[in-house]
4 protein chains.
Amino acid sequence: MGLAARSIEIALVNNKRQFIKPRRSERKYRAIIEAAKKVFSQKGFYNARVSDISDQAQIASGTIYLYFKNKDDILATLFDETFRRIGVEIESSLNKCSDSREKLSNFFSIYLNVVGSDKYLAELIHVEMNQATKFMPEYRELYFQCVMDILLDIIDQGIADGVFREDLDSKAVAGMIFGVLDQMCMLKSKNGRGQNTKGLASLIESIFLQGIEESKGYAGAKQFTASLL
Amino acid sequence: MGLAARSIEIALVNNKRQFIKPRRSERKYRAIIEAAKKVFSQKGFYNARVSDISDQAQIASGTIYLYFKNKDDILATLFDETFRRIGVEIESSLNKCSDSREKLSNFFSIYLNVVGSDKYLAELIHVEMNQATKFMPEYRELYFQCVMDILLDIIDQGIADGVFREDLDSKAVAGMIFGVLDQMCMLKSKNGRGQNTKGLASLIESIFLQGIEESKGYAGAKQFTASLL
Amino acid sequence: MGLAARSIEIALVNNKRQFIKPRRSERKYRAIIEAAKKVFSQKGFYNARVSDISDQAQIASGTIYLYFKNKDDILATLFDETFRRIGVEIESSLNKCSDSREKLSNFFSIYLNVVGSDKYLAELIHVEMNQATKFMPEYRELYFQCVMDILLDIIDQGIADGVFREDLDSKAVAGMIFGVLDQMCMLKSKNGRGQNTKGLASLIESIFLQGIEESKGYAGAKQFTASLL
Amino acid sequence: MGLAARSIEIALVNNKRQFIKPRRSERKYRAIIEAAKKVFSQKGFYNARVSDISDQAQIASGTIYLYFKNKDDILATLFDETFRRIGVEIESSLNKCSDSREKLSNFFSIYLNVVGSDKYLAELIHVEMNQATKFMPEYRELYFQCVMDILLDIIDQGIADGVFREDLDSKAVAGMIFGVLDQMCMLKSKNGRGQNTKGLASLIESIFLQGIEESKGYAGAKQFTASLL
DNA sequence: TATGAATGAGCTTTCATTCAT
DNA sequence: TATGAATGAAAGCTCATTCAT
């Protein structure tokens, strides 16, 4: 299965879900999403009240239910939108390169860029996503699956091409990568913006690429890494 | 500061917390903890009712409050006990080896063994621990900090000894390691027990050790890894 | 300190409490107060459930918490409003007379009128007020103190003017007066309305005024008393 | 109906209630009563836990139920015993005098002595007795009724003998007297023991006797009062 | 569309009472 | 008798969701 089959837009059709909700006012819709991101991040999904979000968004609490089915739906949508954006960015980036190492590196950069540069988002994913994935019937992690599939493809292709070690279980590696990216986004978002960002991205890349690559030396990885971000 | 200074038992004293609670019946206390582990893991902390736990433990709901201050305290205690156990096991294991690579390897094995062999525990840590750490005033993650400190020491010592790359930020690496261990425990606990366990531990070790070690080749790491677990 | 300084409205300012709560619907607010008066009076504060009040007021139980902080607050507010009303009525009445005996008599009449004509209120004050005063942190008996101060002033002024015996401890006398008024309100409210009311008021007045007055004979007091109410 | 018919012991028989409960250990029984008096007085009946009483009495909470039917029964018994004691003391005192004024005076003194010299008891009666009387099925106020009857008899006899004003409603006056005694006991118990006690008793007596007596002057009452206590 | 007052289901926690020892 | 661990009913309060305006 090529990337096309998992393409973000096709995925929509396959999963028979209308991502594009009936939004009366795009502006208000975004205000709710942004308010929820901040509120959920600061108080936690369960501790946050719907009225906290409406307060933050400066609308009435009832209005939220014109845009979202319920409280769960807000978080689910927030995550879905995030991973849709990541997926779209990565897909378009992957078209520009064929090397697996480069693809992986791009994947890291984009994820770190999208999630790690948004303090509230990084916290939210760190704290709530595992819960949401497991217990929220609303959240079917449609777009997260797309992103995960892209990553799996990169790894599998790399193994097939002899660029990555053949003894790797791609699912395990993909899990590790998400575990690590999550931690790095937390670090990055906490340290504010700046030099540090590149350092973290490089760190992940150098460690992972060195570890995954077939007998590559440190120096090479370092050089490669240095050119990223 | 040597390991001794962070020793689990000393930590107790330093933190002025009596971990040993007044337990009327050790058996009932354990029953509650185990029931909570299962219930929280399956339904999620917030979705689980206290009465779910008492039902599972086959006691009256009020009895829980003879052993725990409140619902939060159950989860906090559960995590604290878990990391205390991990900390104790790791500390005693570290006494037997001085090599940083070996220490790190032992750290991985023990963590994977304790958490990865308990499906409910692995899920619980994966799903609830970040929340608990952030939002539960009850949970001061006393023992998690001990375990984290041990890991930081291993890394720092490795760097000092020239065994690990000197460009590493030990906190970032430690964060990555926990992120990865969490994912691996989930995988391991899902796949049931068996051969797979060793595979996962080896996978982490080979990837991390190769990546972290100063210009080591793959073969050496593999041989070293093979001797573990 | 003249009466003005203890004026009800000034008291508000001094105590920095906004008595006027944010009431969404004055009608509903009153319905809750009235329902609570009846329910608390009949079942007792502790035996009464919040849902008893909401049932009586024909609203949802949750609605009560839009108007009151908690169950305690309902009773505290009820008492506060009652004594505010008494205080306001007494203050305006006192402006019309300068004679201490007349003032005291007016005080009796108004108290008996406000409390003694409301069976539920009389019972409630009789049964719950001492408790509330002692154990309810919510209830700071703001307006009761105002009323008490007014009474103390009347007594002190009477003593100063040589109208009342000089050997009186005004606080003790004030306490006695409230003790007696409470009993009389109970009697009055039980006997239904009618002639009896005047009889009770006169009884208290004749007994107290005779007793308090400086060597007045019975006849004079009786004549004075007869002209009241 | 003479006093004999209302005698404390006969009352017992008439009401078919065995006041003397099956007490296994008189000492422990008393300890519970005393502990309850203190605890109820300080925390309030409803706020006090049965275990507070057992803690105070230095026994196990379960033991209380060997001596009392339930929490209510403790308070009911406490009140019953108190008024039994008052009733017995008053009855024996009344045998020594035939003058209504003297009887009333003795009544005041004894009540003030028994209740006013026990801080906890005074508070308890002040705060909880009206509640108990109204809402506690356990508390049938047997002995309080006896004491009330004695008071009513004194008043009625005084009126009949032409010593007290004939326009008095004896029930209303009795109510007033209890209302006043309650307040005075509170004052007395707060001010500690000493001279003050006599002052309060005298105050009540002088006010009431003057007010109640048929055209007596102040001086006479004062002299009479001075000889009391 | 937007509001926000009203709803009421549902939960944690307390504590009087019981009962096995 | 005495204990105190265990029980479980009961209720105050919250807050997601609805709906009349």
Closer to the 5' end of DNA chain E via nearest nucleotide, is it D/A48 or C/Q58? C/Q58
Does the distance from a Lys or Arg side-chain N to an Asp or Glu carboxylate O, for A/K37 and A/E34, drop under 4.0 Å? yes
Residue A/L66, side-chain heavy atoms: nucleotide from E/dA6, E/dT1, F/dG12 that is nearest: E/dT1
Starting from the 5' end of DNA chain F, give me the residue, B/K28 or C/G62, whose nearest nucleotide shows up first. B/K28
Relative to the 5' end of DNA chain F, which residue comes earlier, A/Y46 or B/T63, by the nucleotide with the nearest heavy atom? B/T63
Between P on F/dA10 and CG on C/D52, what's the gap in Å once rounded to a whole number? 13 Å
Roughly how many Å is it from CZ in D/F40 to C1' in E/dA16, rounded to a whole number? 11 Å
Identify which nucleotide among F/dT17, F/dT3, F/dC15 has an atom closest to any side-chain atom of A/K71, counting heavy atoms from C-beta outward. F/dT17
Please determine if a side-chain N or O atom of D/Y67 lies less than 4.0 Å away from the OP1 or OP2 oxygen of F/dT1. no
Starting at atom CG of D/N47, determine the distance to atom P of E/dT14, rounded to an integer number of angstrom. 14 Å
Check the distance between E/dT12's P and B/I32's CD1 and give it to me in whole angstrom. 15 Å
Start with the C-alpha gap between A/F135 and B/Q42, add the side-chain angles, then the distance that decides, and say whether side-chain contact (heavy atoms from CB on, under 4.5 Å) holds. CA-CA 9 Å; A/F135 297 117; B/Q42 289 178 334; over 6 Å; no
Could you check how far CZ of B/F68 sits from C1' of E/dT12, rounded to whole Å? 16 Å
Honestly, is D/K71 close enough over D/F45, meaning NZ or CZ under 6.0 Å from the six-membered ring centre and within 45° of the axis? yes
Does C/K134 have more than 12 heavy atoms from other residues, nucleotides or ligands lying within 6.0 Å of its NZ? yes
Using a heavy-atom cut-off of under 4.0 Å over every strand shown, decide if B/I64 touches base, sugar-phosphate, or nothing. nothing
Could you give the CG-to-P distance, from D/N70 to E/dC15, as a whole number of Å? 17 Å
Judged by nearest nucleotide, the residue sitting upstream toward the 5' end of DNA chain E, B/V50 or A/A60, is A/A60
Rounded distance in Å - CG (A/D55) to C1' (F/dC15): 13 Å
In whole Å, I'd like the distance from the CG atom of D/D72 to the C1' atom of E/dA16. 10 Å
Tell me whether the side-chain N/O atoms of C/Y65 come closer than 4.0 Å to OP1 or OP2 in E/dG8. no
Partner nucleotide of E/dT18 by Watson-Crick or wobble geometry (both distances under 3.5 Å): F/dA5
Between A/F68 and A/Y29, ring centroids under 6.0 Å: yes
Watson-Crick/G-U partner (both atom distances under 3.5 Å) of E/dT12: F/dA11
